[in-house]
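Here the structure is laid out as structure tokens; the discussion comes afterwards.
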Amino acid sequence: MPIADLPKQYDPREAQDRWYRLWVDKGYFHADPASDKPAYTIVIPPPNVTGALHLGHALNNTIQDILIRWKRMQGFDVLWMPGTDHAGIATQAVVERRIHEVEKKTRHDLGRDALVERIWEWKDEYEKRILSQLRMMGCSCDWDRTRFTLDEGCSLAVRLTFFKLFQADQIYRGKRLVNWDAHLRTAVADDEIYYEDVQGQLWTIRYPSADDPEKGLLVATTRPETMLGDTAVAVHPDDERWNSLIGREVVLPLTGRKIPVIADPILVDPAFGTGCVKVTPAHDPNDYQTGLRHRLPMINLLNPDGTFNENAGKYAGLDRKVVRKQVVADLEAAGLLVKTEAYNTRVNYSDRSKTPIEPYLSDQWFVRMDSLAQQAIDAVADGRVRIHPDRYAKSYLDWLGEKRDWCISRQLWWGHRIPIWTCDTCTEADLARVFAGRDDVVWRAGEMGGMLICSTVDLAEDALGPEHRLVRDPDVLDTWFSSALWPHSTLGWPERTPELAKYYPTSVLSTARDIITLWVARMVMFGTFNMNDVPFRDVFIHPVIQDGQGRRMSKSLGNGIDPVDIIELHGADTLRFALAAAATETQDLRMPVESQKLPDGRVVNTSEKFEQGRTFPNKLWNAARFALMNLEGFEPTTVDVSTLPVEDRWILSLLASTAAETTRELEAFQFAEAAKRLRDFTWNDFCDWYVEFIKTRLRDPATKPTAQAVLAAVLDGICRLLHPIIPFVTESIWQALGEVAPRRGLVSIEPAAESVCVAPWPIYPGAWSSADSERIVGQWQEKVAAIRNLRAERQLPNHAKIAPILVAEGEVAEMLELGNAFIRSLTGASSLQIGPLDVRPSEAAVTVLADCEVIVPLEGLVDKEAEIARRRKSLADVEKQLAAVESKLANPSFTERAPAELVDQQRSKRDELLHQRESLRQLLGEA
RNA sequence: GGGCGAUUAGCUCAGUUGGCUAGAGCACCAGCUCGACACGCUGGGGGUCAAAGGUUCAAGUCCUUUAUCGCCCACCA
């Protein structure tokens, strides 16, 4: 396209389609295990297939793509492994809810296979959508390797891991209290529960002593019906009212069972209620823990549907609500109900059925955490895995330190089925007869009789013959079990693939802090267990995005921002830049939400936070347009940097330090700093100053070629440095630049590349660094600003030509003289005098700087009173500063204890201020 | 209850091992169609750095306490 036809406004849409296709077609995103380049690997935190991506995903994937693109440019063999997560509970719940809404059917109506099939359909739809969203954002994943946590490879990895753990006796079956939804007849996760404060009652019941029916204990409870399952009464060991009874027994009313009185300082708060607590291990989480501590029997009273079972004696078969009434009535009749009072209590409800949750004792599978957790602790403690920011290492270590066994079974249908078969009738010998010699089947006796058989392959129901039926465990594994294998299962484990050899351990994991324990810790455990090495070297924890009030973004609050909307409104670069610029080390990232109407009439949420990212790509685009217009007909020549004019050496010096600092910041995961630095360099140094400096040079054929060479080199550098953050606009510019300025003989260290996506990351020669030119240009800038300020403050007409005088001597005068033409053109001056002052103009606007007096003669335009007032104000200001500096220098402890450098600095500052004061006094004296 | 974090300009945030008159973007005010860009240019106003103590020659930065807010974990018989 001819340069002159390049649009004034950058069109992100066209660039996005075009360049993304180019990158994919050229195969830039492919990792190549056979290449001899060093590996750099990130496995994507697989998004849940429950729904579309939200802004948090956009942030995380922007971060990952920045790292990936940066490392690709640095010459690494880069692999970004994409994929999605089956997200067991969440996905099944979403699909079940949908089916219920539309077809009024429950999962029991459909049956296991049909439901699972329906969830697969859902998965296909959302996976497609999620992956296309990632592409829209510009993510450079190796798409041919896309994986899913429930695919064949992951299934194999899951089974083998379970098998190995079972074999190593790291997996066991045990009892656990789960949140039971009696209406849906399923266990629900902690995060699917909500609390409600309910007006209830507190009943006080008398438990007679076994020795002496006249004596006894008083217990208070909000759930009297559970007393049928009590197996102890607990008191505080220091409570003198009751502690004489510790070790004795009481008679459990209505049942006649004798239960012990135990001492438990954890469960019992002597100040609450009666100071005695009934202990029902099977139906209350605290009591359960108490039961474990005291090895109490656990009596399960409930059937799965919420009715009481045979353990409840005469109450068997009745619903829990009915039982409560009956128990209270019976206690009252027996004269054991001491008191009934109103009491507010918190009741747990299932989010899905809106019915009360029952703590319910059931068989579950566990992974032992002792040695696994220890290995994961060690990995972080000894630095094999580094967590950034490092404060998050604490929550990781604290959580693992508890070493609470991990309950891995879920009463769901969507997920990896537990590879366990049970057989109640067979013996060790029966199993040995059939399975002996097989390395894919192991077994052991269950705790309650029967055999537990674990196998990596499916076992037939009649594998042991018709007389011994094998029954497969109906449960599936916790989603995090397969997620924990993600870094190695996606690389081919358990096969010893070239990928596994080259890309494991991966380089960086980027994720949110809420899954440090759920996911990160477990990946370290399983990675270490299966691979004998950590899964990644660095973990970057990014902030959580909130709305302007500090609330999480959510569908129900309607405060969510859809990344796709931002892309539609402003383009993917804007989304990426804004997110990168916001990704500091903070833990929460607030984005004030406002709504905006789209051209198609749709109203969407957006945020002012995208403002910066919105204008920046356009600014860059226009700077590039300027450059491209001026590069037409450019004949590349080799340029010796040391011979270039000051302004060229200045911008190259800044480019070099910007590149070095940006590299350092990316290495330290300081994305916001890198984004801001690059923006500042591009906008302030390059656009505001350098481009202005060279405008005249570009009009003179004699000075044009070097200016062109430097202009092209800087634009080239800017494209490379910004490409990881804003890939599309930089590619647009790169391609256009390649047409007018083939990269040969430029002031550039890098060879050509057909796309900035694979252009080498810049490292500039140390010789480009030029403190001198930075000082000189700094001088110019300061004086330009002073003159502009004088113009603006006096509200001089725009076309008024001025002839400023810079009163300076020696080195300062020399430096300014070098920039005479620039200062003139940037201030709209017709002439500029630099040097000692011959005759002070009678009417002038004046600013006194430390090393220079800036005078703008304004014959007939000066408001003398205002001028004097300004000078007085400056004088007062200088005197205030001087007083501060002098008091510092007058303080002996300062001059003695502060570093000499700092003291010298203050001294020279004092000298400057004294000089300024003197000049101002003279000025005021003359006026 | 335990842990982590935040509190700096109207808003969103920087401020690295203590050391210039505390910075940026947005918003605000004034002026600009000057040959890349009005998604722009130039200039400007605006802050007792949550509060109170302390350490230090020097505190936005370190320590203690308090207040408010957020997140995570545990929990209210």
Side-chain angles (χ1 to χ4, degrees), chain A residues 6 8-10 202 219-223 226 234 267-269 272-280 284-287 290 343 345-346 389 391-392 394-395 398-399 402 513-514 516-517 544 546 548-552 570 574 578 581-582 584-592 607-630 668 670 672-673 676 679-680 687-688 691-692 695 699 784-785 788-793 795-799 825-828 877 880-881 884-885 888 891-899 901-903 905-906 909:
Chain A
L6 291 177
K8 280 189 177 185
Q9 286 213 4
Y10 170 63
L202 188 67
V219 300
T221 180
T222 55
R223 302 201 53 199
T226 63
L267 181 70
V268 182
D269 171 7
F272 185 90
T274 60
C276 305
V277 184
K278 59 191 273 308
V279 184
T280 322
D284 180 276
N286 290 310
D287 293 5
T290 309
Y343 186 74
T345 181
R346 212 150 82 172
R391 65 185 130 93
Y392 292 115
K394 187 173 162 50
S395 46
D398 285 354
W399 185 81
E402 290 180 24
R513 66 174 186 280
D514 51 354
I516 291 173
T517 52
V544 169
Q546 302 175 335
Q549 283 99 58
R551 299 174 305 182
R552 269 189 111 96
H570 310 303
T574 291
T584 61
E585 287 199 353
T586 177
Q587 67 175 15
D588 305 317
L589 197 175
R590 287 193 184 189
M591 292 210 156
S607 173
E608 62 177 38
K609 277 261 177 180
F610 293 106
E611 222 25 56
Q612 228 190 113
R614 185 174 73 90
T615 52
F616 182 49
N618 195 60
K619 179 73 179 178
L620 176 57
W621 172 248
N622 277 291
R625 276 180 66 226
F626 169 83
L628 294 167
M629 286 174 194
N630 284 286
Q670 295 175 335
E673 290 78 358
K676 281 173 188 153
R679 181 198 176 277
D680 287 349
C687 293
D688 289 352
V691 164
E692 296 304 325
K695 274 181 179 168
R699 285 186 213 114
V784 166
R788 280 173 172 172
N789 175 278
L790 288 178
R791 276 195 91 117
E793 285 225 314
Q795 302 205 318
L796 295 190
N798 200 33
H799 296 298
S825 76
L826 291 178
T827 56
D877 197 43
K880 200 177 128 198
Q881 285 180 57
V885 173
K888 255 189 201 174
N891 181 351
S893 14
F894 173 71
T895 47
E896 282 159 27
R897 298 200 198 183
E901 212 182 76
L902 203 73
V903 177
Q905 208 181 70
Q906 290 296 312
K909 182 161 183 203

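Here is how names work: the chains are called A, B, and so on, in the same order as the sequence lines, proteins then strands, and each is numbered from 1. This structure is a prediction, so every number in the text was calculated from the model and none was measured.
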Could you give me the CA-CA distance, side-chain angles and deciding distance for Leu267(A) and Val279(A), then say whether side-chain contact (heavy atoms from CB on, under 4.5 Å) is met? CA-CA 9 Å; Leu267(A) 181 70; Val279(A) 184; 4.0 Å; yes
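Look at the C1' atom in both C11(B) and G3(B): the space between them is 31 Å, to the nearest Å. Between A9(B) and A27(B), the two C1' atoms lie 11 Å apart (nearest whole Å). Between A30(B) and U16(B), the two P atoms lie 36 Å apart (nearest whole Å). G43(B) and G54(B) have their C1' atoms separated by 44 Å, given to the nearest Å. For the C1' atom pair drawn from A22(B) and C32(B), the interatomic distance equals 31 Å after rounding to whole Å. For U65(B) and G25(B), the P atoms lie 39 Å apart once the distance is rounded to whole Å. Here the separation of A58(B) from U21(B), taken at their P atoms, is 15 Å to the nearest Å. Nucleotides G40(B) and G23(B), compared at atom P, are 24 Å apart to the nearest Å.
With distances taken from any side-chain atom of Lys619(A) to the nucleotides G70(B), G15(B), C37(B), the minimum falls on C37(B). Here G19(B) is the nucleotide among C11(B), G3(B), G19(B) with the atom lying nearest to any side-chain atom of Pro899(A). Here the side chain of Asp398(A) is nearest to one of G19(B), G3(B), G5(B), namely G3(B). Listed candidates were A77(B), C71(B), A36(B). Nearest to the side chain of Arg513(A) is C71(B). Closest to the side chain of Asn618(A), from the set C41(B), C39(B), C69(B), is C39(B). Distance from the side chain of Lys278(A) is smallest for A77(B) among the nucleotides G19(B), C37(B), A77(B). Among the nucleotides G44(B), G19(B), A36(B), the one closest to any side-chain atom of Leu902(A) is G19(B). The listed nucleotides are U21(B), C11(B), G19(B); the one nearest the side chain of Asp877(A) is U21(B). Among A77(B), G15(B), C4(B), the nucleotide with an atom closest to any side-chain atom of Val277(A) is A77(B). Here the side chain of Pro592(A) is nearest to one of C69(B), C11(B), U21(B), namely C11(B).
In this structure, CZ of Arg791(A) is placed 12 Å from C1' of G43(B), rounded to the nearest angstrom. Atom CG of Asp287(A) is separated from atom P of C75(B) by 12 Å (rounded to the nearest Å). If you take OH of Tyr392(A) and P of G5(B), they are 9 Å apart, rounded to a whole angstrom. Across the protein-nucleic acid pair, Phe894(A) atom CZ and A59(B) atom C1' stand 15 Å apart, rounded to whole Å. The separation between Arg679(A) atom CZ and C37(B) atom P is 19 Å, rounded to whole Å. G35(B) atom P lies 13 Å from atom CZ of Arg625(A), rounded to whole Å. Nucleotide G35(B) holds its C1' atom 9 Å from the CE atom of Met629(A), rounded to whole Å.
Heavy atoms of Leu267(A) sit under 4.0 angstrom from at least one base atom. Within 4.0 Å of Cys687(A), counting heavy atoms only, lies at least one base atom of the nucleic acid. Within the nucleic acid shown, Glu692(A) comes within 4.0 Å of at least one base atom, counting heavy atoms only. Residue contacts for Arg788(A): at a heavy-atom cut-off of 4.0 Å it reaches the sugar-phosphate backbone alone, with no base atom in range. Using a 4.0 Å heavy-atom distance criterion, Asp688(A) is classed as a sugar-phosphate-only contact. Among the atoms of the strands shown, none is found under 4.0 Å from any heavy atom of Glu793(A). Using a 4.0 Å heavy-atom distance criterion, Ser395(A) is classed as making no nucleic acid contact. Residue contacts shown for Glu896(A) are absent, as no nucleic acid heavy atom lies under 4.0 Å away. Within the nucleic acid shown, Thr586(A) comes within 4.0 Å of sugar-phosphate atoms alone, with no base atom in reach, counting heavy atoms only.
Going from atom OG1 of Thr280(A) over to atom CZ of Arg223(A) covers 8.5 Å, rounded to the nearest 0.5 Å.
Other residues, nucleotides and ligands contribute at most 12 non-hydrogen atoms within 6.0 Å of the CD atom of Glu901(A).
The backbone N or O of Tyr392(A) lies less than 3.5 Å from no partner atom in the side chain of Arg513(A), so there is not a single donor-acceptor pair. Using a distance-only test at 3.5 Å, with no hydrogens or angles considered, no donor-acceptor pair links the side chain of Thr827(A) to the main chain of Arg788(A).
In terms of position along RNA chain B, the nucleotide closest to Ala624(A) lies nearer the 5' end than the nucleotide closest to the other residue of the pair Ala624(A) and Phe616(A). Of the two residues near RNA chain B, Val268(A) and Thr517(A), the one whose nearest nucleotide lies more 5' is Thr517(A).
Both distances falling under 3.5 Å, in either a Watson-Crick or a G-U wobble arrangement, occur for no nucleotide opposite C49(B). Look at U16(B): it lacks any Watson-Crick or wobble partner with both distances under 3.5 angstrom. Partner assigned to U21(B) is none, using Watson-Crick or G-U wobble distances below 3.5 angstrom. With a cut-off of 3.5 Å on both Watson-Crick or G-U wobble distances, the partner of C32(B) is given as G40(B). Across all strands shown, C4(B) pairs with G70(B); the Watson-Crick or G-U wobble distances both stay below 3.5 Å.
Residues Gln906(A) and Thr895(A) fail the side-chain proximity criterion, which asks for heavy atoms closer than 4.5 Å. Using a 4.5 Å heavy-atom cutoff, the side chains of Trp621(A) and Gln9(A) are not in contact. Within the 4.5 Å cutoff, the side chain of Ser825(A) has no heavy atoms near those of the Lys695(A) side chain. In this structure, the side chains of Thr517(A) and Ser395(A) stay at 4.5 Å or more apart for every pair of heavy atoms. Side-chain contact between Arg679(A) and Lys619(A) is absent, with no heavy atoms from C-beta onward closer than 4.5 Å.
Side-chain N/O atoms of Lys8(A) include one lying less than 4.0 angstrom from OP1 or OP2 on C37(B). Within the structure, every side-chain polar atom (N or O) of Lys394(A) is placed at least 4.0 Å from both OP1 and OP2 of C72(B). Proximity of Asn622(A) to the phosphate of G40(B): no side-chain N or O atom is located under 4.0 Å from OP1 or OP2. Put simply, Lys695(A) has no side-chain N or O that comes within less than 4.0 Å of OP1 or OP2 on C34(B). For the pair Thr584(A) and A14(B), the criterion of a side-chain N or O lying under 4.0 Å from OP1 or OP2 is met. Using a 4.0 Å cut-off, no side-chain N or O of Lys676(A) falls inside it from OP1 or OP2 of G23(B).
Side-chain N/O atoms of Lys909(A) and base N/O atoms of C20(B) include no donor-acceptor pair closer than 3.5 Å.
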